[in-house]
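In what follows, every heavy atom counts, from backbone to side chain, and hydrogens, waters and symmetry copies are set aside. Atoms within a ligand are numbered from 1 in the order they appear, just like the ligands themselves.
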Amino acid sequence: MERNDRGNFGSKLGVILASAGSAVGLGNIWRFPFETGNHGGAAFILIYLGCVLLMGIPILVAEFMIGRRSRANTARAYQKLAPGTQWRWVGRLCVLTGFLILSYYSVVAGWTLEFIVQAGTNSFAGKSPAEFIDLFNNFVSNPWRPLIWLIVFLLATHFVIVRGVEKGIEQSAKIMMPALFILLLVLVGCAVSLPGAGAGLKFLLEPDFSKVNASVLLGAMAQAFFSLSLGMGCLCTYASYFRKDTDLPKTAFNVAWIDTAVAVLAGFIIFPAAFSVGIQPDAGPSLIFITLPNVFQQAFGSLPWLSVILSVMFYVLLALAALTSTISLHEVVTAYLHEEFNMTRKKAAWLVTTGCIVIGIFCSLSLGVGKDYTLFGMTLFDLFDYVTAKIMLPVGGFFISIFAGWYIDRKIAWEEISNNGTLHPLIYKVLIFVLKFIAPVCIAFILINELGLL
Ligand code: PFF
């Protein structure tokens with residue numbers, strides 16, 4: 001059943017900050033640096049920037065267009081714009097993807113809270129690199145601590161969601177996003193002034209194109225999808241709360257550059273700091289949770305109070321970034337249940353929170369006491385990550401670009417995208433061309449490659 005008591009973002013700034021809040025998250029501060037490290041640095045970053053420009057921004061515009069035009073949750077959006085067709089399954093796939101990502105993303109988000117406490121109680125002091133590895137492994141395999149933080153994190157997300165669109169999502173983003181930027185800039189300043197930081201800067205700024213191969217290219221494209229929250233109706237749902245006068249291409253551009261800036265700034269914290277204490281840039285996913293405490297300890301060990309302040313700041317920043325993303329994931333599913341099953345927003349939110357806690361607990365335990373139970377050779381946590389990020393997001397993105405490029409009426413597309421006819425027709429044509437041809441072909445290529453069919 002359709003409900004008409006939908007919320008709205010109150011201001012243009014709120015629209016941009018909430019959307020950028022969704023995009024900016026663990027993907028930027030945790031995944032981007034380790035992907036950059038694994039793929040050789042500056043050349044990866046340049047290709048990533050190309051992907052954001054060429055595919056990211058057009059698909060962002062497509063999701064915005066679908067959401068604002070339909071003014072509905074992402075599942076209903078397709079039913080409204082393509083009544084009586086199978087397109088509704090794309091919307092439902094998006095909702096399912098959001099629910100599954102939220103369940104395991106919250107596990108990692110919860111870890112950031114543990115690390116705030118560890119950093120704040122000065123427990124990094126005097127530890128060797130091996131001890132940092134033990135600290136992380138012991139925590140992750142502890143049967144209850146990660147579960148508590150998972151529940152705390154999901155309840156924090158829940159609290160914002162039940163406050164509604166304008167008071168909850170918009171207000172929290174208005175406070176959190178600027179705080180995040182300020183924290184990032186302070187930490188960049190500290191990291192680049194460390195002795196020996198120059199090697200890290202060189203790694204970030206001097207591209208070595210001889211290292212570029214198909215895997216670098218595909219890694220950069222996949223990272224652009226995950227980081228921009230594309231392919232699962234997140235920004236489509238947010239756009240359903242946009243006002244008629246919101247300029248969609250401009251908002252998409254703003255979200256893309258803010259997201260990219262945060263990722264690059266995170267690189268400017270992590271690599272100069274890592275090089276400064278002789279840590280390899282390709283340390284992988286452990287870079288933040290194992291290597292950085294070590295970096296803080298070694299770099300600022302002679303000034304313990306500074307080490308505590310900076311490390312607490314870093315993990316607070318990571319938690320804030322993750323929170324604005326979990327809020328957007330939660331909203332996709334809450335809006336769907338609230339509007340499709342005629343239940344109150346509060347009840348819908350409780351269902352989502354409870355469901356995610358249950359699944360999240362299993363994902364978290366699969367890294368510790370349950371690590372011997374595997375499916376297709378993966379723990380439950382890895383399986384969720386694989387299925388959602390590597391299969392469901394690209395499939396969603398593929399259909400979204402086909403829907404926007406081929407199916408949707410040209411008149412509707414122009415009305416939504418042109419910002420009252422002020423957009424240059426050439427930009428519009430380029431956007432549609434990319435959605436029709438370039439984006440679907442590239443996504444199909446990523447997907448086929450990731451499934452090992454190439
Ligand atoms: N973009 C978020 C990040 O970079 O952490 C993760 C994410 C949020 C992915 C929302 C997908 C999504 F719909």
Side-chain angles (χ1 to χ4, degrees), residues 17-36 48 51-52 56 59-60 62-64 66-67 73-75 90-91 93-112 153 157 160-161 169 173 176-177 180 184 220-240 252 255-267 285 288 317-336 352 356 384-397 400:
L17 292 182
S19 308
S22 165
V24 173
L26 296 171
N28 305 61
I29 301 173
W30 164 71
R31 196 173 189 274
F32 178 80
F34 92 70
E35 282 287 290
T36 304
Y48 172 79
C51 293
V52 170
I59 298 180
L60 265 173
E63 289 214 23
F64 282 163
I66 295 165
N73 67 79
T74 195
V90 175
L93 174 79
C94 288
V95 175
L96 180 66
T97 311
F99 180 69
L100 297 179
I101 293 185
L102 180 61
S103 303
Y104 81 88
Y105 192 94
S106 302
V107 173
V108 183
W111 298 348
T112 64
F153 207 95
T157 308
V160 177
I161 289 291
I169 299 174
M176 286 194 262
M177 289 303 290
L180 193 133
L184 270 176
M221 284 198 276
Q223 176 62 23
F225 265 90
F226 189 85
S227 190
L228 290 171
S229 304
L230 290 179
M232 53 140 292
C234 228
L235 296 172
C236 171
T237 303
Y238 271 17
S240 73
V255 170
W257 83 253
I258 292 172
D259 187 67
T260 307
V262 172
V264 173
L265 285 178
I288 276 175
L317 179 148
L318 198 57
L320 290 181
L323 184 61
T324 48
S325 298
T326 54
I327 289 168
S328 72
L329 288 160
H330 201 300
E331 180 61 25
V332 171
V333 197
T334 300
Y336 169 69
V352 179
C356 285
F384 265 54
D385 181 59
Y386 182 85
V387 171
T388 54
K390 301 223 164 116
I391 300 176
M392 294 170 94
L393 283 187
V395 168
I400 288 165

**Identity and separation of the nearest protein heavy atom to atom 9 (C) of ligand 1** = Phe226 O, 3.5 Å
**Item:** Sub-3.5 Å N/O-N/O distance, Leu228 and ligand 1
**Value:** no
**Prompt:** Can you list the atoms of ligand 1 that are under 4.0 Å from a heavy atom of Leu26?
**Reply:** 5 (O)
**Request:** Can you sort out which atoms of ligand 1 are near Leu329, meaning under 4.0 Å from one of its heavy atoms?
**Result:** 10 (C), 12 (C), 13 (F)
**Fill in**
for atom 5 (O) of ligand 1, nearest protein heavy atom and its distance come out as Tyr105 OH, 2.5 Å
**Request:** Give yes if a backbone or side-chain nitrogen or oxygen of Leu230 is under 3.5 Å from a nitrogen or oxygen of ligand 1, and no if not.
**Result:** no
**Prompt:** Cys234 heavy atoms, cut-off 4.0 Å: which ligand 1 atoms fall inside?
**Reply:** 10 (C), 12 (C), 13 (F)
**Message:** Tell me every residue that passes ring pair (Phe, Tyr, Trp, His ring centres under 6.0 Å) with Tyr105, counting only those two or more places apart in sequence or in another chain.
**Reply:** none
**Prompt:** For ligand 1, which atoms sit closer than 4.0 Å to a heavy atom of Ser22?
**Reply:** 1 (N), 2 (C), 8 (C)
**Complete:** From the list Leu393, Ile101, Leu102, side chain to side chain contact (heavy atoms under 4.5 Å, CB included) partner of Thr388 resolves to Ile101
**Prompt:** For atom 10 (C) of ligand 1, what is the nearest protein heavy atom, given as residue, atom name and distance?
**Reply:** Ser229 OG, 3.3 Å
**Asked** Which ligand 1 atoms are under 4.0 Å away from a heavy-atom of Gly27?
**Response** 3 (C), 4 (O), 5 (O)
**Prompt:** Any heavy atom of Ser325 sitting closer than 4.0 Å to ligand 1?
**Reply:** yes
**Side-chain heavy-atom pair Ser22, Tyr238 within 4.5 angstrom cut-off** = yes
**Prompt:** Gly21 and Thr324: which non-hydrogen atoms are nearest, and at how many Å?
**Reply:** O-OG1, 2.8 Å
**Complete:** Looking only at protein heavy atoms, what sits closest to atom 4 (O) of ligand 1 is Ala23 O, 3.0 Å
**Complete:** min-distance protein heavy atom vs atom 13 (F) of ligand 1 -> Met232 SD, 2.7 Å
